[in-house]
Number of protein chains: 2
Amino acid sequence: MVGRVSGAARDVIVGAAKALLWERGVAATSPAALLAAADVGQGSLYHHFRGKQEWARAAIESLAADLQAETAAALGDPAAPGLARLLAYLERPRAARAGCRLGRLAFDPQVVADPVLAAPIAAYFASTRAALAQAVRDAVAEGGLRADTDPDDLAAALVGVVQGGFVLARTADDDTVMTAATRAMAALVNAARPTEESP
Amino acid sequence: MVGRVSGAARDVIVGAAKALLWERGVAATSPAALLAAADVGQGSLYHHFRGKQEWARAAIESLAADLQAETAAALGDPAAPGLARLLAYLERPRAARAGCRLGRLAFDPQVVADPVLAAPIAAYFASTRAALAQAVRDAVAEGGLRADTDPDDLAAALVGVVQGGFVLARTADDDTVMTAATRAMAALVNAARPTEESP
DNA sequence: GTCTATAAGCCGATAGAC
DNA sequence: GTCTATCGGCTTATAGAC
């Protein structure tokens, strides 16, 4: 209450918006649908937010904060071996068909058209790629990955195979495609480890 | 003209629809926008198609046929070594930020809600995964990949890294993320090849 | 803070003339 | 085959009372 601009109704609205954006995306979520989901009146919505852009932004930024925290948690202790962190990222359980809460917005018309909505999404992926690139660098230094491994490239491939897994799981309507893809990726990473004979 | 239900205007409409679906997706493409893009009157549109679902379906099926042909061409001669076909798939040039013409529709609200629109997309990805799984099987038989490689898993990872590359390129507004991801994948595949000492 | 009433504009389609 | 006119419903607000 001190220095914060209220809370209750606003938080309920943002929470409902986050759920709806995950389910349907921005363009397909109407103010009316949000009111129903949040069980809040129109007056309340327009008191707390000037319009759709504002609540969509708040929801996306909150989703980005959630994902950032979850990804950091999945990677685990930064002092752990790089290879273990990277494999932990791949093997984290995911609701594949539901889609990545942020990645699924990549081609949402309203997100594409509005840099304010796109920015938090770009920031999340940049940050995740950076964290994975660091894990790769550590793995190389620790002898867990070949010295000629490009950290930025491999980080892009790791995040990519997960995001692609979401797309494939949705189109195939089958969660197991995600685990197939990440399992293959983990196998490749393990198979590509430096041999004991060739340091 | 023989046994075909006309053509000219219909083909122009489908062509315009394909371009619009690639740019904006199904939900964000209105009949009015299609009329403007195709430079055709409303009477013409509703003469050739009963409604939005019908022209969207025609456009998606045509996009799927295009992609199927392009993917087959990228994979090259089916008699070529499996490893070469698989690497050719990865290295095919792509308009990364524009998105995959079909993959970008995976989370389109109107596609998600309508199996008629989703089916051709599912079929394309199933077919591409099958073709890559066959390339992997051939590569294993030819000694280009380790015998313990799972063909279906690796196929999912290959298509996945490409689809994820589209998502990352769009969110980062940077085409090079795609090539970074596919380059890392190609490097992993090469690094994982069976050593000469261990048959 | 929250309510109800009202509105301009677009979406997707239909009707009926030509 | 293609045209124009018209339509109900939804979207995204705004206005002003309480």
Side-chain angles (χ1 to χ4, degrees), chain A residues 1-21 23-60 105 108-114 116-117, chain B residues 1-21 23-60 105 108-118:
Chain A
M1 308 309 214
V2 214
R4 309 250 352 269
V5 204
S6 136
R10 198 194 136 93
D11 291 350
V12 171
I13 291 170
V14 172
K18 287 167 70 177
L20 287 175
L21 293 201
E23 276 174 33
R24 322 181 186 175
V26 180
T29 298
S30 65
L34 178 57
L35 297 181
D39 194 28
V40 156
Q42 200 167 10
S44 183
L45 176 61
Y46 281 94
H47 171 75
H48 292 289
F49 302 95
R50 293 191 173 192
K52 183 174 182 180
Q53 193 210 34
E54 226 172 69
W55 52 258
R57 174 186 190 168
I60 289 175
L105 302 179
D108 184 294
Q110 216 150 354
V111 171
V112 168
D114 188 348
V116 164
L117 301 182
Chain B
M1 307 312 207
V2 214
R4 310 249 354 267
V5 203
S6 134
R10 197 189 135 92
D11 291 348
V12 170
I13 291 170
V14 172
K18 287 166 69 177
L20 287 175
L21 293 201
E23 278 173 33
R24 323 182 185 174
V26 179
T29 298
S30 66
L34 178 56
L35 297 182
D39 195 27
V40 156
Q42 198 167 12
S44 183
L45 177 63
Y46 280 95
H47 171 74
H48 292 288
F49 302 94
R50 292 190 173 192
K52 183 173 183 180
Q53 192 210 35
E54 227 173 69
W55 53 257
R57 175 186 189 168
I60 289 175
L105 302 179
D108 184 295
Q110 216 150 353
V111 171
V112 168
D114 187 349
V116 164
L117 300 183

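The sequence lines fix the lettering, A, B, ..., with proteins before strands; numbering per chain opens at 1. Predicted, not measured: the structure shown is a model, and the values here were computed from it.
The separation between A:H47 atom NE2 and C:dT4 atom C1' is 17 Å, rounded to whole Å. Straight-line distance from the CG atom of A:L34 to the P atom of C:dT2: 14 Å, rounded to whole Å. As rounded to whole Å, 15 Å separates atom C1' of D:dT12 from atom CD1 of A:I13. Atom C1' of nucleotide C:dT2 and atom CZ of A:F49 are separated by 15 Å, given to the nearest angstrom.
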Mind listing the side-chain donor-acceptor pairs of residues 35-47 of chain A below 3.5 Å, one per line with the distance, residues two or more places apart or on another chain?
none

**Message:** side chain to side chain contact (heavy atoms under 4.5 Å, CB included) for A:I13 and A:F49? Distances and angles first, verdict last.
**Reply:** CA-CA 10 Å; A:I13 291 170; A:F49 302 95; 3.6 Å; yes

**Asked** Nucleotide by nucleotide, 5' to 3', does protein get under 4.0 Å of the base (B), only the sugar-phosphate (S), or neither (-) in nucleotides 13-18 of chain C, counting heavy atoms?
**Response** BB----

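For the side-chain hydrogen bond (donor to acceptor under 3.5 Å, both in side chains) test, residues two or more places apart in sequence or in another chain that qualify with B:Q110 are B:K52. A search for side-chain contact (heavy atoms from CB on, under 4.5 Å) contacts involving B:A19 returns nothing, not counting sequence neighbours. Not counting sequence neighbours, B:R24 has no partner by the side-chain hydrogen bond (donor to acceptor under 3.5 Å, both in side chains) test. Scored by the side-chain hydrogen bond (donor to acceptor under 3.5 Å, both in side chains) test, B:Q53 finds B:D114 as partners (sequence neighbours excluded). Residues forming a side-chain hydrogen bond (donor to acceptor under 3.5 Å, both in side chains) with A:K18 (at least two apart in sequence, or on another chain): A:S62, A:D66.
In summary, of the residues considered (B:T29, B:L117, B:V111, B:L34), a side chain to side chain contact (heavy atoms under 4.5 Å, CB included) with B:L21 occurs for B:T29 alone.
Overall, the helix from C:dG1-D:dC18 to C:dC18-D:dG1 carries an axis bend of 0° between its ends, with five pairs at each end and the value rounded to 10°.
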